[in-house]
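Please read all numbers here as calculations on a predicted model, not as lab measurements. As the structure lists them, so they are numbered: ligands from 1, and atoms in each ligand from 1. The figures that follow rest on heavy atoms only: side chains count, while hydrogens, waters and symmetry mates do not.
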Amino acid sequence: MKKITVNTSTKYDVLVGKGLLEQCGELISTVVRSRKCAVVTDDIVDKLYGEETTSALEKSGFSVAKFVVPNGETSKSHEQLIKIYNFLSENDITRSDFIIVLGGGVVGDLTGFCAASYLRGIDYVQIPTTLLAQVDSSVGGKTAVNIDAGKNLVGAFKQPVMVIADTDVLSTLSDEIFADGMGEVVKYGMIRSKSLFQKLCSENAHNILEDIITECISIKRDVVEADEHDTGERMILNFGHTFGHAIEKYLGYGQISHGKAVSIGMYMITNAAEKQGLVQAGTTQELKKCLEINSLPYTLDISAQDIYSLSIEDKKRTSDTIRIILCTDVGECEIKTLKLDEYRKFLENV
Ligand code: GLY
């Protein structure tokens with residue numbers, strides 16, 4: 001088992017390894033005082049790992065109430081949030097008790113926000129069950145629900161008290177969902193680690209999971225410790241996301257997975273930047289090779305005008321500028337602030 005300690009407003013460990021789910025009761029008992037918790041999961045994960053989780057917790061003396069939401073993005077809603085608040089209240093979960101999130105990014109974001117707001121904040125533990133959640137969304141404390149105006153527009157920063165990433169649970173992911181997580185893994189290589197990137201180009205990720213997940217989380221830890229509240233450096237984690245979010249909107253949410261949209265976004269922005277001499281020659285080709293090896297897409301028929309209008313809709317953008325993330329070489333990145341007319345010009349090269 002590998003342990004990465006994240007030293008943010010609260011300090012917590014991220015544990016990565018095989019067989020951790022069956023030890024979750026023992027592991028969690030080292031960071032909480034209460035022996036009462038609520039597990040929130042989705043219907044697919046519940047069938048696979050609900051019982052194992054509950055019995056591991058009960059073996060360590062925890063009493064467990066379980067709430068199951070339907071799998072999928074539509075559960076990241078205020079309606080589900082209120083159902084969970086009521087469930088917690090009916091089951092007498094108090095401020096000294098805690099919540100466990102068992103699932104992927106949707107359940108993680110939804111339940112994390114619930115933990116941030118229920119009784120003005122109670123502890124929660126993340127047990128991420130997708131590759132994407134293990135390398136990205138379960139670490140760093142971003143929590144949110146969606147509203148009609150857009151994704152993740154209502155949320156809070158709330159760090160978990162522990163993250164338990166059991167690599168065994170990834171064996172039940174479809175190739176599709178696994179590849180989705182690989183989009184974010186390639187992103188970490190591009191922004192911060194040439195050696196990780198090279199590994200992804202030469203080895204089968206399934207054979208080195210603990211290694212690559214640990215490396216991604218260590219990169220995220222460094223970034224989040226430097227900028228917990230996402231006002232500067234943390235934006236580098238959004239490499240590929242400016243175009244990626246535009247692509248998700250263009251195709252309609254649910255029509256393309258987040259990781260795949262980010263893969264196309266990384267390629268398109270790097271290609272446009274390389275054509276303008278902003279990136280080391282050959283970087284786009286290296287990225288393309290790595291995406292192909294990992295069964296990820298890199299192109300889409302979308303116009304520069306569509307990318308422009310869909311990406312400037314981002315409510316987190318400042319009034320007349322947009323920040324884009326460029327990887328100037330594999331493993332190196334920078335944040336560039338462009339005026340909107342400069343951004344439009346930049347896009348002429350996509
Ligand atoms: N997923 C991007 C971040 O945590 O900042």
Side-chain angles (χ1 to χ4, degrees), residues 4-10 12 14 16 73 76 101 103-113 115-116 124 126 128-146 150-160 163 165 177 180-193 196 212-248 253 257-266 269 311 314-318 322-327 333-335:
I4 304 124
T5 301
V6 182
N7 200 349
T8 42
S9 47
T10 56
Y12 57 97
V14 182
V16 185
E73 188 71 30
K76 239 171 96 171
V101 182
V106 167
V107 174
D109 285 5
L110 166 74
T111 312
F113 185 52
Y124 76 113
Q126 288 266 17
T129 57
T130 63
L131 180 59
L132 193 143
Q134 292 195 354
V135 297
D136 191 35
S137 57
S138 66
V139 179
K142 275 192 183 174
T143 73
V145 293
N146 303 330
K151 278 176 77 170
N152 297 328
L153 291 185
V154 178
F157 289 98
K158 169 81 175 168
Q159 302 294 342
V163 181
I177 308 265
D180 191 34
M182 285 306 294
E184 293 285 347
V185 173
V186 172
K187 175 197 80 179
Y188 283 107
M190 282 296 288
I191 60 172
R192 271 287 165 88
S193 173
L196 170 63
I212 59 178
I213 292 167
T214 305
E215 197 159 346
C216 291
I217 294 171
S218 303
I219 294 170
K220 181 145 191 186
R221 183 262 324 268
D222 293 347
V223 173
V224 167
E225 283 184 354
D227 177 23
E228 181 175 354
H229 294 114
D230 202 15
T231 55
E233 186 178 339
R234 187 164 179 168
M235 288 174 202
I236 68 170
L237 299 174
N238 279 340
F239 173 56
H241 286 61
T242 307
F243 286 17
H245 288 152
I247 289 165
E248 282 181 283
Y253 286 114
S257 68
H258 176 71
K260 287 187 177 165
V262 167
S263 301
I264 298 170
M266 290 192 288
I269 202 161
S311 53
D314 183 354
K315 304 245 175 336
K316 287 175 256 173
R317 180 176 63 76
T318 56
I322 186 161
R323 273 188 272 215
I324 57 169
I325 317 303
L326 296 182
C327 284
C333 67
E334 64 175 34
I335 302 170

(request) State, to 0.1 Å, how close G103 and A133 come at their nearest heavy-atom pair, and which atoms those are. (result) O-CB, 4.2 Å
(request) Classify the contact between V224 and ligand 1 as side chain, backbone, both or neither, using a heavy-atom distance cut-off of under 4.0 Å. (result) neither
(message) Any carboxylate oxygen within less than 4.0 angstrom of a Lys/Arg side-chain nitrogen, looking at K142 and D230?
(response) yes
(message) The criterion is ring pair (Phe, Tyr, Trp, His ring centres under 6.0 Å); which residues satisfy it with F157, sequence neighbours excluded?
(response) H229
(message) Evaluate N238 for polar contact with ligand 1, using N/O atom pairs at a separation under 3.5 Å.
(response) no
(message) Regarding ligand 1, does K142 bring an N or O atom to under 3.5 Å of one of the ligand's N or O atoms?
(response) yes
(request) Would you mind listing which atoms of ligand 1 come within a distance below 4.0 Å of any non-hydrogen atom of K220? (result) 1 (N), 3 (C), 4 (O)
(request) Please check if any side-chain donor atom of D222 sits under 3.5 Å from a side-chain acceptor atom of S218, or the reverse. (result) no
(request) If you have a sec, work out which protein heavy atom is nearest atom 5 (O) of ligand 1 and how many Å separate them, to one decimal? (result) R234 NE, 2.7 Å
(message) Suppose I only count heavy atoms of D136 and a 4.0 Å limit; which atoms of ligand 1 are within that range?
(response) 1 (N)
(request) Identify which one of E73, E184, K151 satisfies the side chain to side chain donor-acceptor pair (under 3.5 Å) criterion when paired with H258. (result) E184
